[in-house]
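In this text, all values refer to a predicted model and were calculated from it rather than measured experimentally.
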Amino acid sequence: MSSTPLPGIGVRYDLTTREQRRLSVVAHRDGSRTLNAYQEDDPDACALSVRLTEGESSALIDALMPAHHSPSLLSTTELGLVAERIELSSTSHWNGRQLGDTRMRTETGVSIVAVLRRAEAIPSPGPGFRLAGGDVLIVIGTREGVDAAAAILGRE
C-alpha cells in the first residue's frame with residue numbers, strides 16, 4: 001500500500017492485490033471516501049468509482065473485518081456476553097429523549113454501563129438520563145441483545 005497527499009483534497013491510498021488488480025481510496029478532508037477499482041487490462045482506466053460518506057465507509061470497514069476484530073467490540077467472555085460501543089447518530093429518534101424511553105433493558109436485556117459524551121464518561125446512567133447525538137453507549141449483554149439494542153438506537 002502506498003499513499004499520496006492530494007493538496008486541498010486529502011490523501012490517496014493505492015493497493016495492488018495479489019491478483020495484480022489495482023484499487024485506490026481517496027480519503028477526503030470532509031471524512032468521505034472515494035473507492036476506485038481499475039480495469040484489469042488497463043490499470044490506468046477506472047472501471048468503478050464510488051463516493052462513500054463517513055458512515056458508509058465505517059460500515060464497509062466493519063463488513064470487511066471479521067467480527068472478532070470489530071473496532072466497536074470491547075470483549076467477550078465464555079458466559080456468552082459481549083460489551084460493545086454503540087454511537088447514537090445526531091438524526092436518531094432518541095436524540096434529546098430519556099434513556100428510559102428506549103425500554104432498552106426490557107426489550108433487549110442489555111445493560112448500559114456508561115455513556116461517553118465528548119471528553120466525559122457518565123457511568124451507570126439512569127432512566128432519566130437524556131441522550132444526545134454523538135453519545136457512545138457502552139452496552140453489555142448477549143450478542144443478540146446487543147444487536148437488538150443497536151437496532152433500537154439506530155432508529156431515525
Side-chain angles (χ1 to χ4, degrees), residues 1-95 102 104 107-123 131-156:
M1 172 114 54
S2 64
S3 65
T4 305
L6 303 173
I9 298 171
V11 178
R12 185 183 76 221
Y13 298 92
D14 294 298
L15 170 74
T16 302
T17 70
R18 187 173 39 148
E19 297 172 342
Q20 299 306 302
R21 296 295 308 267
R22 282 198 44 226
L23 301 171
S24 73
V25 174
V26 176
H28 297 272
R29 291 174 24 174
D30 66 1
S32 67
R33 303 288 189 263
T34 302
L35 173 65
N36 301 300
Y38 297 88
Q39 292 183 9
E40 199 168 353
D41 59 343
D42 183 356
D44 293 324
C46 190
L48 172 72
S49 183
V50 180
R51 182 91 179 227
L52 303 169
T53 66
E54 189 172 356
E56 292 165 340
S57 298
S58 294
L60 181 58
I61 289 167
D62 286 345
L64 291 171
M65 295 191 58
H68 65 277
H69 287 300
S70 172
S72 60
L73 186 66
L74 298 174
S75 65
T76 59
T77 70
E78 291 183 13
L79 298 174
L81 298 176
V82 296
E84 196 165 306
R85 296 178 170 130
I86 302 174
E87 184 171 352
L88 190 71
S89 79
S90 60
T91 59
S92 172
H93 169 78
W94 306 109
N95 188 6
T102 67
M104 191 70 55
E107 298 293 325
T108 68
V110 304
S111 294
I112 299 168
V113 297
V115 174
L116 308 177
R117 181 176 286 167
R118 295 180 196 90
E120 180 183 9
I122 299 103
L131 297 167
D135 282 354
V136 176
L137 285 74
I138 307 298
V139 299
I140 295 180
T142 63
R143 173 81 268 153
E144 296 79 19
V146 169
D147 288 346
I152 289 170
L153 291 170
R155 179 177 164 202
E156 293 190 6

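- A distance of 7.0 Å separates CD1 in I140 from OG in S111, rounded to the nearest 0.5 Å.
- Between V110 and G141 the shortest heavy-atom distance is CG1-CA, 4.2 Å.
- Between R22 atom CZ and D44 atom CG the span is 6.0 Å, to the nearest 0.5 Å.
- Here CG of L15 is found 8.5 Å from OG of S2. Values are rounded to the nearest 0.5 Å.
- Contact detail for V26 and L6: the closest heavy-atom pair is CG1-CD1, 3.9 Å.
- Counting non-hydrogen atoms of other residues, nucleotides and ligands closer than 6.0 Å to CD of E56 gives a total above 12.
- Looking at S92, its side chain does come within 3.5 Å of a backbone N or O of L153 through a donor-acceptor pair.
- Note that CG of L116 and CD1 of I122 are 7.5 Å apart. Values are rounded to the nearest 0.5 Å.
- Going from atom CH2 of W94 over to atom OG1 of T102 covers 6.0 Å, rounded to the nearest 0.5 Å.
- The shortest non-hydrogen separation linking E54 to D30 is OE1-O, 4.4 Å.
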Exercise for the section: Could you please spell out the steps behind the side-chain contact (heavy atoms from CB on, under 4.5 Å) verdict for L137 and L131? Expected result: CA-CA 9 Å; L137 285 74; L131 297 167; 4.2 Å; yes
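- Surrounding CD of E107 are more than 12 heavy atoms belonging to other residues, nucleotides or ligands, all under 6.0 Å away.
- Looking only at side-chain heavy atoms (C-beta outward), R51 and H28 come within less than 4.5 Å of each other.
- Judged by distance alone, the side chain of R33 and the main-chain N or O of G31 form a donor-acceptor pair under 3.5 Å.
- Taking all atoms of both residues into account, the shortest heavy-atom contact from T17 to L23 is CG2-CD1, 4.2 Å.
- Checked by atom type and distance alone, the side chain of R117 never pairs as donor or acceptor with a backbone atom of G134 at under 3.5 Å.
- Between S57 and L52, the shortest heavy-atom distance links the atoms OG-CB, 3.6 Å.
- Taking both residues in full, the closest heavy atoms of C46 and Q39 are given as O-NE2, 4.3 Å, listed atom of the first, atom of the second, then distance.
- Atom-to-atom distance recorded for D135:CG and S90:OG is 11.5 Å, nearest 0.5 angstrom.
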